[in-house]
> 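Sharing a structure below in structure tokens format, with a few things to ask.
What you see is a predicted model, and the numbers here were worked out from it, not measured in a lab.
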Number of protein chains: 2
Amino acid sequence: MSDTTIKNMEEFAVVSGISRPTLSKYFNDPESVRQSTKAKIEAALELHAYRPNMYAMNQNRRSTRNIGIIVPFLADPFFAEIARNIENLVINEGYRPILLSSHGDPRQEVENLISLRDIKPAGVLLAPLGRASNIAEVGELCSEFPTVLFDCNIESLNHAFVGHNNTQATDIMVDYLVRTGEPPVYFEMKKPPNPNANKRRLSYINSMERHGLEPSIFSVDGESWNFEEIGYSRGKELISSKDITNGTVLFTNDRLAIGFLAAAYEMGFRVGRGNGCALRVAGHDNHPYSRFTCPALTTVSHDYDAISRTSVMRLFDLLENREGSNPTDEQLFPGKLIMRDSA
Amino acid sequence: MSDTTIKNMEEFAVVSGISRPTLSKYFNDPESVRQSTKAKIEAALELHAYRPNMYAMNQNRRSTRNIGIIVPFLADPFFAEIARNIENLVINEGYRPILLSSHGDPRQEVENLISLRDIKPAGVLLAPLGRASNIAEVGELCSEFPTVLFDCNIESLNHAFVGHNNTQATDIMVDYLVRTGEPPVYFEMKKPPNPNANKRRLSYINSMERHGLEPSIFSVDGESWNFEEIGYSRGKELISSKDITNGTVLFTNDRLAIGFLAAAYEMGFRVGRGNGCALRVAGHDNHPYSRFTCPALTTVSHDYDAISRTSVMRLFDLLENREGSNPTDEQLFPGKLIMRDSA
DNA sequence: CAATTTTTCTTACGCGCGTAAATTTTTTAA
DNA sequence: TTAAAAAATTTACGCGCGTAAGAAAAATTG
């Protein structure tokens, strides 16, 4: 590497012997110039470290290569994993992911949407908070930039969406539980932050009725994203009051189940499907920690890979051809039963 | 809101009746203009939605208001929490946090450092991967931008650092365990990705010797960040081979302990300090999930709040006054014993 | 080899804003 | 009321790059 510091494209044009407009072309797409000049440029690049100024580039570009990614709660390993997947896919497309978390707070979500506008993203991948989301703001964003919703749909927007088939997933779980033991009662939050919970509850009810069984639902208080805490404290109450002492409990999501398992353990109730187990417990999501609960949690997994891959793919469809694949399509991927020791 | 769309500061100057240079001043610091003009501007802002183009701003500014934040592994709720704290503090200072995760991969860490350069951050808060970090690259970044390291120091850089007092924290845990039961054996990874682990091991050894006890260490294989998996599988092996059947086990970190607890549970070993418990288990970090293990995990907490607050504070010290508070200082905050049921 | 196509070069302008200098206006102090 | 200080205005240039248009050079074709 040489000692001369190149501070702009003009200077790099001099040392590389390539004109600035051609360099500009190269940096926007290395394949758009002749092989021989590409080679020259890259040779010069080896000698004189230079990178175009991102702000100057994006100022004039019709479109930046930024892709906004908003998830509702990054401290949840579930979303952290999905975000990580999506980030990598976006990078592989030669774009620049900007990851933002709403931290479970609708105001933060709106803040994030505003931040995104500053960044003038080429497109955005948005997993909305759901029930609490500011639908008007989200709708505006969707019409402002090419956007794909994932994980949680806002149906009134009638916008491109890819996610998990909550109905089918709950269904196979109920089937499994009914087939292998006591039919499940259902444990959920009265006001779930995420509307997927509604789909899951309905699916539970339908499945139970299809089996000729009476649905039974515990709707507990709690509004935040502290699911483990809610599962733990409400679970303890229900066990104390003898509302739950045996049988099978199906939880809206793994995190509630994780909290409940802690409560059951603490109160001396053995969970599992073996002899001497009072309770069976099942979750939903295949949370990264569900393998390490005591006992390991039986759950339904999302098709993480298909969902993230398809979200990104559909976004780039939008970017390249706005008329392309039906932009209001909802695309769902089936869940997969993960049998472990808890049920 | 009016129907006229303002597309740049020039146009906004016309409709607001304020000159462009004054507007520029206002947007860089609303308090830098007279109250009366500030009021006029904000009145106009109500009528004509306008936001300065971020790219054009940052292109010419001596310094952007971007603050880069790099954490080693965002899918770990531990870092997710810290990152969330820091983000909020940065926003409160009127800056713009850019959060990047290295996903446990040193190459990704270098990628992140390079990405940061593009963004021309005013400053950066970096929690390095540690042992695997590319020290040369990190060092360059430190000299290029005002930087504060946190969580994990790279001592050879001799750079501003704020973190957890691993030595003291391990010490109080060993004290507690020795005082209340069997002295602990130590469980760690042979090649821990994070060098804090070395401090903890040394502290364990010292503490034990101070008590006149023989240190005993299990160094298990495994190099990745799948700590739970490692704790689980290695734990199962050690229990099977009867290397661990009773007594007290102190783990380098909570995530290893979480995995081990799952293994112990599966193999029918009861953990806790009550009667009928074969094993006591203790962790380190006060991981967000450590409250919900079976049994709840006794651990040592970082002073999350002080660490994130101080990191941000010291970065802004650097920003405002490069000569200020000794930039090579290492600042440690003591850990706090969290007694729960596992030990 | 000439004719055609493709690529590069030269020239020039614009993006939206920061910022400096000189001037004018407004506010504050005396 | 007047002088001094503070703030706003006008004017003008620059940041680093995108991009358009016409000329020139290089590669491809027959």
> OP1 or OP2 of dA8(D) sitting under 4.0 Å from any side-chain N/O of T22(B)?
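The answer is no; no side-chain N or O of T22(B) sits under 4.0 Å from OP1 or OP2.
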> With nearest nucleotide decided by heavy atoms, which residue, P52(B) or P21(B), maps closer to the 5′ end of DNA chain C?
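The residue whose closest nucleotide sits nearer the 5' end is P52(B).
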> To the nearest Å, how far apart are K120(A) NZ and dG18(D) P?
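Checked: the NZ to P distance equals 17 Å.
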> In whole angstrom, what separates K38(B)'s NZ from dA6(D)'s P?
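For the pair K38(B) NZ and dA6(D) P, the rounded distance is 21 Å.
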> Any side-chain N or O of T37(B) under 4.0 Å from OP1/OP2 of dA8(D)?
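The answer is yes; a side-chain N or O of T37(B) sits under 4.0 Å from OP1 or OP2.
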> S24(A) side chain N/O closer than 4.0 Å to the phosphate oxygens (OP1, OP2) of dG18(D)?
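Result: yes.
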> So among F73(A), W225(A), Y304(A), which one has a ring pair (Phe, Tyr, Trp, His ring centres under 6.0 Å) with F78(A)?
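The option that passes is Y304(A).
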> Closer than 4.0 angstrom, basic N to acidic O: yes or no for R96(A) and E87(A)?
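Answer for the salt bridge query: no.
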> Please classify the nucleic acid contact of F12(A) as base, sugar-phosphate, or nothing, using heavy-atom distances under 4.0 Å.
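Nothing, no heavy atom under 4.0 Å.
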> Starting at atom CD of Q59(A), determine the distance to atom C1' of dC13(C), rounded to an integer number of angstrom.
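In whole Å, dC13(C) C1' and Q59(A) CD are 14 Å from each other.
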> For dG18(C), does OP1 or OP2 lie under 4.0 Å from any side-chain N or O of Y26(B)?
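No, because none of the side-chain N or O atoms of Y26(B) sits under 4.0 Å from OP1 or OP2 of dG18(C).
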> What about R20(A), does its side chain sit under 3.5 Å from the base of dG16(D) through a donor-acceptor pair?
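Donor-acceptor pair under 3.5 Å: no.
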> Would you say N28(B) reaches dG18(C)'s phosphate, i.e. side-chain N/O to OP1/OP2 under 4.0 Å?
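Yes, such a contact exists.
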> Please determine if R65(A) and E93(A) form a salt bridge, counting it only when a charged side-chain N lies under 4.0 Å from a carboxylate O.
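Answer for the salt bridge query: no.
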> Run the side chain to side chain donor-acceptor pair (under 3.5 Å) test on Q108(B) and N112(B) for me, step by step, so that the C-alpha distance in whole Å, both residues' side-chain angles and the decisive distance to 0.1 Å come before the verdict.
CA-CA 6 Å; Q108(B) 177 72 53; N112(B) 286 344; 3.1 Å; yes
> Using whole Å, what does the distance between atom P of nucleotide dC17(D) and atom NZ of K7(A) come to?
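Whole-Å distance recorded here is 10 Å.
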> Is a salt bridge present between R20(A) and E11(A), judged by a nitrogen-to-oxygen distance below 4.0 Å?
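Salt bridge: no.
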> For K25(A) and dC17(D), what is the distance between atoms NZ and C1' respectively, to the nearest whole Å?
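Interatomic distance, NZ of K25(A) to C1' of dC17(D): 16 Å.
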> OP1, OP2 of dG18(C) versus side-chain N and O of N60(B): anything below 4.0 Å?
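N60(B) to dG18(C) OP1/OP2: no side-chain N or O under 4.0 Å.
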> Once you round it to whole Å, what is the distance between P of dC17(C) and CZ of R62(B)?
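Roughly 19 Å, once rounded to whole Å.
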> Output the rounded distance in Å from CG (N58(B)) to P (dG16(D)).
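Rounded to the whole Å, the gap is 14 Å.
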> Over how many whole Å does the gap from Y55(A) atom OH to dG18(D) atom P extend?
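Result: 16 Å.
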> Among the nucleotides dT9(D), dC17(D), dA7(D), which one has an atom lying closest to any side-chain atom of S19(B)?
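Nearest to the side-chain atoms of S19(B), counting from C-beta on, is dT9(D).
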